[in-house]
Amino acid sequence: MATVIDPESRPRADMSKFPEPNFKDTPITPDRYYSKAWADREWEMIWTKTWQIAGVIQQVQKVGDWFTADLGTETIVCVRGEDDVVRAFYNVCQHRGMPVVPNGSGNAKRLVCPYHGWAYNLKGILKTVPDEADFVQGSPCGKTNMVEIRCEVWAGFVWFNMDNDAAPLKSFLGPIVDMIDTYPMDRMVRTHWMTIEGDFNWKLIQDNFNESYHVPFVHPQTKFVMEYSHKYCQFDLFEQGHARMFMPGAGPTKTLRGGENETLDQLAQELAFWGLDPEQFRGGKTGDIRLALQKAKREQGASKGFDFSTYHDDQLTDHWHFTIFPNLSFSLKPDGNIWLRGRPHETDPEKCYFDMWYMTLFPEGTERYYSQSMAEWVDVSVPAPHVSGKVGEVDMGPGISQDVDVWGHQQRGLRSRGYKRDYLAWQERRVRFFHENLEKWMAR
């Protein structure tokens with residue numbers, strides 16, 4: 001089972017401003033978004049050497065539970081062993097290269113290749129083969145085992161790394177570990193699970209979530225409930241290549257004039273849940289909602305089934321957005337986590353896979369809960385189905401779908417003879433930071 005962190009041992013997150021790194025201002029050249037040679041180097045230098053999330057710990061609750069995860073040309077199988085340890089293996093039989101298990105999930109006492117019946121135990125050791133005495137080079141049992149890779153469990157996720165010499169997960173993550181550990185991640189339930197295949201390079205996803213400069217134009221509806229101006233947000237960049245942003249929530253941007261009805265409509269469910277009357281914030285008082293909600297959540301959290309004891313007041317309303325190198329972005333909320341990831345296509349650098357999960361923190365003893373972030377009721381007892389398809393076939397909700405609509409057009413623009421390099425604002429420095437770290441890893 002996943003380790004549950006005692007709230008008493010979980011310190012409050014460090015909110016102090018971290019020093020800015022020095023930037024080189026090297027061109028973010030467009031070829032990196034479409035070059036096959038660049039993508040091949042990324043595979044060797046980035047994807048096979050960085051920590052990636054395979055799935056959530058709830059997928060391997062019992063001994064024998066297994067699930068698969070795709071990354072580029074590889075499929076990884078994660079399984080809980082009889083010793084209660086979660087392990088990860090390349091999903092390939094050592095006989096003739098057949099995947100041992102189909103894509104998906106299941107429970108088994110042994111992992112049996114469907115082609116010729118080679119059977120591996122839950123530690124990946126080959127135990128039985130048909131006609132064992134027929135192998136003139138001797139029995140393969142115990143010798144040709146599944147190839148195990150690095151695997152760690154943290155924050156409710158199962159992580160893997162194909163590099164046996166990689167630093168441990170928490171060393172790779174650096175100071176953001178303690179920041180994220182202030183949230184009870186291991187109690188969050190995946191209530192939404194969507195994947196689209198897009199006609200764009202995976203880095204456009206990470207670029208997008210590394211800046212909020214686009215928000216007023218791509219997500220105009222957020223101005224009523226979120227502070228997106230860089231002047232009122234905090235950005236921090238960490239030497240391990242990761243970044244964070246504090247974005248105030250539960251109220252309109254300071255530059256908004258009007259919009260009172262829109263703000264109150266969008267926050268109505270959350271205000272009602274915490275016993276606040278939207279009418280009290282009319283007459284130019286919508287800017288007071290944030291502090292009022294913080295006070296209500298602090299006072300009523302325990303009685304409603306939440307433990308907010310490790311949160312700063314800001315965490316009760318704001319969006320704590322992290323980007324983890326190379327391809328993971330997520331915004332932590334007091335009651336959940338919107339989780340976003342780009343993965344490389346197995347053959348085409350101008351395609352990728354985009355995953356969106358929503359992890360809901362249900363109040364203790366609650367079966368159903370209204371997710372403010374997803375604007376819908378969710379049920380703890382209903383496992384999230386994996387909904388997948390191409391762009392236009394899967395609805396990821398209005399906010400994320402607005403982002404998706406941009407990337408295909410941008411991919412085409414990057415191919416233009418009229419575009420040579422970037423010209424970034426200071427508030428977009430997380431994009432610069434991401435690409436400089438990408439270049440550093442690829443030069444190793």
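It should be emphasised that the depicted structure is a prediction, and the values quoted were computed from it without experimental measurement.
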- [ ] Report the C-alpha separation of Glu364 and Arg187 in whole Å, then their side-chain angles, then the decisive distance to 0.1 Å, and conclude whether the salt bridge (Lys or Arg N to Asp or Glu O under 4.0 Å) test is met.
- [x] CA-CA 10 Å; Glu364 194 72 37; Arg187 285 184 47 219; 3.4 Å; yes

- [ ] For the residue pair Tyr353 and Glu346, confirm or rule out a side-chain donor-acceptor distance under 3.5 Å.
- [x] yes

TODO: Give, for atom CG of Asp186 and atom CG of Leu361, the distance between the pair rounded to the nearest 0.5 Å.
DONE: 9.5 Å

TODO: Please check if the side chain of Glu439 supplies one atom and the backbone of Glu436 the other of a donor-acceptor pair under 3.5 Å.
DONE: no

Task: Residues, nucleotides or ligands: over 12 heavy atoms within 6.0 Å of Tyr90 OH - done: yes

Open item on the list: When you measure from the side chain of Gln300 to the backbone of Trp274, do you find a donor-acceptor pair of N or O atoms at a distance under 3.5 Å?
Closed with: yes

Under 3.5 Å donor-acceptor pairs involving side-chain atoms of residues 377-385, not counting sequence neighbours:
{"unit_1": "Asp379", "atom_1": "OD1", "unit_2": "Ser381", "atom_2": "N", "d": "2.9"}
{"unit_1": "Asp379", "atom_1": "OD1", "unit_2": "Ser381", "atom_2": "OG", "d": "2.8"}

Open item on the list: Ring-plane angle category for His192 and Tyr358, please: parallel below 30°, perpendicular beyond 60°, tilted otherwise.
Closed with: perpendicular

Task: Ring centre gap for Trp154 and Trp51 strictly below 6.0 Å - done: no

TODO: Look at the aromatic rings of Tyr183 and Tyr311 and report parallel, tilted or perpendicular, splitting at 30° and 60°.
DONE: tilted

TODO: I would like to know whether Arg290 and Asp314 meet salt bridge (Lys or Arg N to Asp or Glu O under 4.0 Å); could you show each step before the answer?
DONE: CA-CA 9 Å; Arg290 180 171 175 266; Asp314 288 1; 3.3 Å; yes

Task: Ring-face cation of Lys223 near Tyr228 (centre distance under 6.0 Å, axis angle within 45°) - done: no

TODO: Would you check if the side chain of Gln427 reaches a backbone N or O of His230 as a donor-acceptor pair within less than 3.5 Å?
DONE: no

TODO: Could you tell me whether Glu376 atom CD has more than 12 heavy atoms of other residues or ligands within 6.0 Å of it?
DONE: yes

Task: Check ion pair Arg429-Glu20 (N to O, under 4.0 angstrom) - done: yes

Open item on the list: Between the side chains of Asp355 and Arg343, is the shortest nitrogen-to-carboxylate-oxygen separation below 4.0 Å, so that they form an ion pair?
Closed with: yes

TODO: For Lys231, look at atom NZ and say whether over 12 heavy atoms of other residues, nucleotides or ligands are found less than 6.0 Å away.
DONE: no

Task: Counterpart residues, side-chain contact (heavy atoms from CB on, under 4.5 Å), relative to Phe273 (two or more places apart) - done: Lys304, Phe306, Tyr369

- [ ] Kindly say whether Asn201 contributes a backbone atom to a donor-acceptor pair with the side chain of Gln411 at under 3.5 angstrom?
- [x] yes

Open item on the list: Evaluate Asp236 against Arg244 for salt bridge (Lys or Arg N to Asp or Glu O under 4.0 Å), listing each step before the verdict.
Closed with: CA-CA 5 Å; Asp236 292 294; Arg244 74 176 178 184; 2.8 Å; yes

TODO: Determine yes or no for a side-chain-to-main-chain donor-acceptor pair under 3.5 angstrom, with Lys203 supplying the side chain and Arg32 the backbone.
DONE: yes

Task: Audit row: His435, Asp207, side-chain hydrogen bond (donor to acceptor under 3.5 Å, both in side chains) steps and yes/no - done: CA-CA 9 Å; His435 282 272; Asp207 290 346; 2.8 Å; yes

Open item on the list: Quick check: closest heavy atoms across Leu316 and Gln294, and the distance to 0.1 Å?
Closed with: CD1-O, 3.6 Å

TODO: State whether a side-chain donor-acceptor pair under 3.5 Å links His214 with Asp403.
DONE: yes

Task: Matching residue for His242 among Phe434, Phe325, Phe172 - test: ring pair (Phe, Tyr, Trp, His ring centres under 6.0 Å) - done: Phe172

Task: Crowding at NZ, Lys143 (>12 non-hydrogen neighbours, <6.0 Å) - done: yes

Open item on the list: Would you say the ring centers of Phe330 and His321 fall short of 6.0 Å from each other?
Closed with: no

Task: Asp25 with Arg432: basic N within carboxylate O range, under 4.0 Å - done: yes

Open item on the list: For the CZ atom on Arg412, are there more than 12 heavy atoms of other groups (residues, nucleotides or ligands in this structure) within a distance under 6.0 Å?
Closed with: no

